[in-house]
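Below is one structure, written out as structure tokens; comments come after it.
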Amino acid sequence: MQKIVVRSVCLMIFLGLIKYGPSSEFGYMFLGGLIYDSIILEIWKAPQRAALYFKSKLPKYRNEYIRLSISYLFRIKVDNKYLLIRGERITGQFQPVGGVYKMLPEAKSTLGELGVRDDNNIQDKISKDDLRIRVKGKYLMKFLNWYDSGKERENSNFREFCEELLEPGILSKEVFPYINTRHIKRHQTDIRYSNYFQCPEILIAEIYELIPNEEQEQKLRELMNKDSDKYIWVNEETILKRGVTDQNFEANISETSEWII
């Protein structure tokens, strides 16, 4: 449907310029109408993006720093159960495999022009160059456009898979020397106030589904039959109830776990 609309707009531009010419009064009116229609089309295609644009320009946020945390998470699902691992920051909490993207060294200059600041809430060696940043509302959309371009930042999703599953020995490097994934969706929150960090924030997560080969799938099934305090396999109901079910199974399951369903 969107392709049909875009092609129709292009055809209208072509026919309109032939009939009126770009310098005539009718030509300017015609082009002005098309520009307006194009804005409406963009809003129609990405209503959340449009809403965020207008909200970020409000006096409340325009000159205030907004915290952003941008990550990628894995949906690892076998026989209707999802693999969650024990996190390191919040004791006893289980969450999806994944983590925050890294920015490349050359991003410093680009982000510096937007007045981007490092997140001062989480400071350790592991978090170095993480895409946890703060940016003023008036530069928010430019920052998101930079992120969407994929330039000057990490694009692979294999690093966290290695760090969280292969290096601890949960899965075998010999069986998982590479992985195939499918991008499912992007989960993005609205600007919301974080009681934990005491500031407005936006959380963005790219959700990837693991597509295992036959041998990899077999190893994942074997993993389901092993007891461990490093990971759990849970169904959708358990995730939605954050670990509390009718069978009285209790586990502290993160908010982000719901995003991979």
Side-chain angles (χ1 to χ4, degrees), residues 69-104 119 122 124-132 147 150 153-188 203-243 245 249-261:
S69 177
I70 307 179
S71 62
Y72 57 93
L73 304 175
F74 285 92
R75 176 196 290 175
I76 303 178
K77 183 180 180 182
V78 177
D79 297 334
N80 293 320
K81 288 193 173 182
Y82 299 82
L83 174 63
L84 303 178
I85 62 169
R86 183 184 294 274
E88 295 182 355
R89 297 195 186 279
I90 301 178
T91 305
Q93 178 174 270
F94 290 91
Q95 61 196 31
V97 174
V100 178
Y101 280 111
K102 299 284 187 183
M103 66 182 79
L104 301 180
D119 178 29
I122 301 176
D124 53 39
K125 292 182 179 179
I126 297 176
S127 301
K128 186 177 184 297
D129 296 325
D130 276 359
L131 268 180
R132 289 192 184 98
Y147 167 74
R153 68 169 178 84
E154 179 182 32
N155 282 284
S156 170
N157 57 22
F158 194 50
R159 176 178 54 83
E160 289 286 351
F161 188 91
C162 288
E163 291 179 1
E164 297 189 341
L165 291 178
L166 301 186
E167 291 180 5
I170 295 175
L171 292 175
S172 166
K173 295 179 181 179
E174 286 70 31
V175 179
F176 290 85
Y178 67 89
I179 56 172
N180 290 322
T181 60
R182 178 188 298 120
H183 185 263
I184 300 299
K185 59 183 176 180
R186 174 184 295 183
H187 180 92
Q188 179 173 322
L203 303 180
I204 299 175
E206 307 292 351
I207 311 301
Y208 290 91
E209 181 177 17
L210 179 69
I211 311 298
N213 60 33
E214 190 172 320
E215 182 182 15
Q216 291 171 343
E217 185 173 344
Q218 177 58 35
K219 291 300 180 181
L220 289 171
R221 283 200 168 88
E222 292 176 5
L223 195 68
M224 293 177 67
N225 296 321
K226 296 179 181 178
D227 293 328
S228 175
D229 61 355
K230 295 180 180 179
Y231 60 84
I232 55 173
W233 289 87
V234 291
N235 58 25
E236 180 177 325
E237 178 188 10
T238 303
I239 290 176
L240 293 176
K241 292 184 177 181
R242 300 288 179 85
T245 69
F249 171 77
E250 295 185 7
N252 181 10
I253 293 180
S254 70
E255 172 192 1
T256 57
S257 299
E258 187 175 338
W259 301 354
I260 67 171
I261 294 176

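Values below: all heavy atoms of this structure, side chains included; hydrogens, waters and symmetry mates excluded.
- The closest side-chain heavy-atom distance from Asp119 to Asp130 is not below 4.5 Å.
- Here the closest non-hydrogen pair linking Val100 and Ser69 is CG2-OG, 4.0 Å.
- Formation of a donor-acceptor pair under 3.5 Å by the Lys102 side chain with backbone atoms of Lys128 is found in this model.
- Within the 4.5 Å cutoff, side-chain heavy atoms of Leu223 are placed close to those of Tyr231.
- Screening Thr238, Asn80, Leu83 for a side chain to side chain contact (heavy atoms under 4.5 Å, CB included) involving Trp233 leaves a single residue, Leu83.
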Side-chain donor/acceptor pairs under 3.5 Å, residues 203-212, sequence neighbours excluded:
from   : atom 1 : to     : atom 2 : distance (Å)
Glu206 : OE1    : His183 : NE2    : 2.8
Glu206 : OE2    : Tyr147 : OH     : 2.8
Glu206 : OE2    : Arg186 : NE     : 2.7
Glu206 : OE2    : Arg186 : NH2    : 3.0
Glu209 : OE1    : Arg182 : NH1    : 3.0

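- The shortest side-chain heavy-atom distance between Arg153 and Asn155 falls under the 4.5 Å cut-off.
- Annotation: side chain of Pro96 is in contact with side chain of Thr256 (closest heavy-atom distance under 4.5 Å).
- Contact annotation: the side chain of Tyr72 approaches that of Arg159 to within less than 4.5 Å [non-hydrogen atoms, C-beta and beyond].
- The distance from the CG atom of Asn252 to the CZ atom of Arg86 is 9.5 Å, given to the nearest 0.5 Å.
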Apply side chain to side chain contact (heavy atoms under 4.5 Å, CB included) to the pair Ile76 and Ile260, showing each step before the final yes or no. CA-CA 9 Å; Ile76 303 178; Ile260 67 171; over 6 Å; no
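- A distance of 11.5 Å separates CD of Glu160 from CG of Leu166, quoted to the nearest 0.5 Å.
- Separation of atoms CD1 (Ile85) and CD (Glu88) is listed at 8.0 Å; rounding is to 0.5 Å.
- In this structure, the separation between CZ on Arg75 and OG1 on Thr181 is 12.0 Å, given to the nearest 0.5 Å.
- At least one donor-acceptor pair under 3.5 Å links the side chain of Gln216 to the backbone N or O of Val175.
- Residues passing the salt bridge (charged side-chain N to carboxylate O under 4.0 Å, His left out) test with Asp79, sequence neighbours excluded: Arg221.
- Here the straight-line distance linking atom CD1 of Ile170 with atom NZ of Lys219 works out to 15.5 Å at 0.5 Å rounding.
- For the pair Pro177 and Phe158, the tightest heavy-atom approach, listed with the atom from each and the gap, is O-CZ, 3.8 Å.
- Side-chain contact between Glu255 and Arg242: present, with at least one pair of heavy atoms (C-beta onward) separated by less than 4.5 Å.
- Counting heavy-atom neighbours within 6.0 Å of Lys185 NZ, excluding the residue itself, gives a total above 12.
- We find the CG-CD1 distance between Leu73 and Ile184 to be 12.5 Å, quoted to the nearest 0.5 Å.
- When the side-chain contact (heavy atoms from CB on, under 4.5 Å) test is applied to Glu236, the partners found at least two apart in sequence or on another chain are Tyr82, Leu240, Ile261.
- Two residues are said to be in side-chain contact when any heavy atoms from C-beta on lie closer than 4.5 Å; Leu165 and Phe74 fail this criterion.
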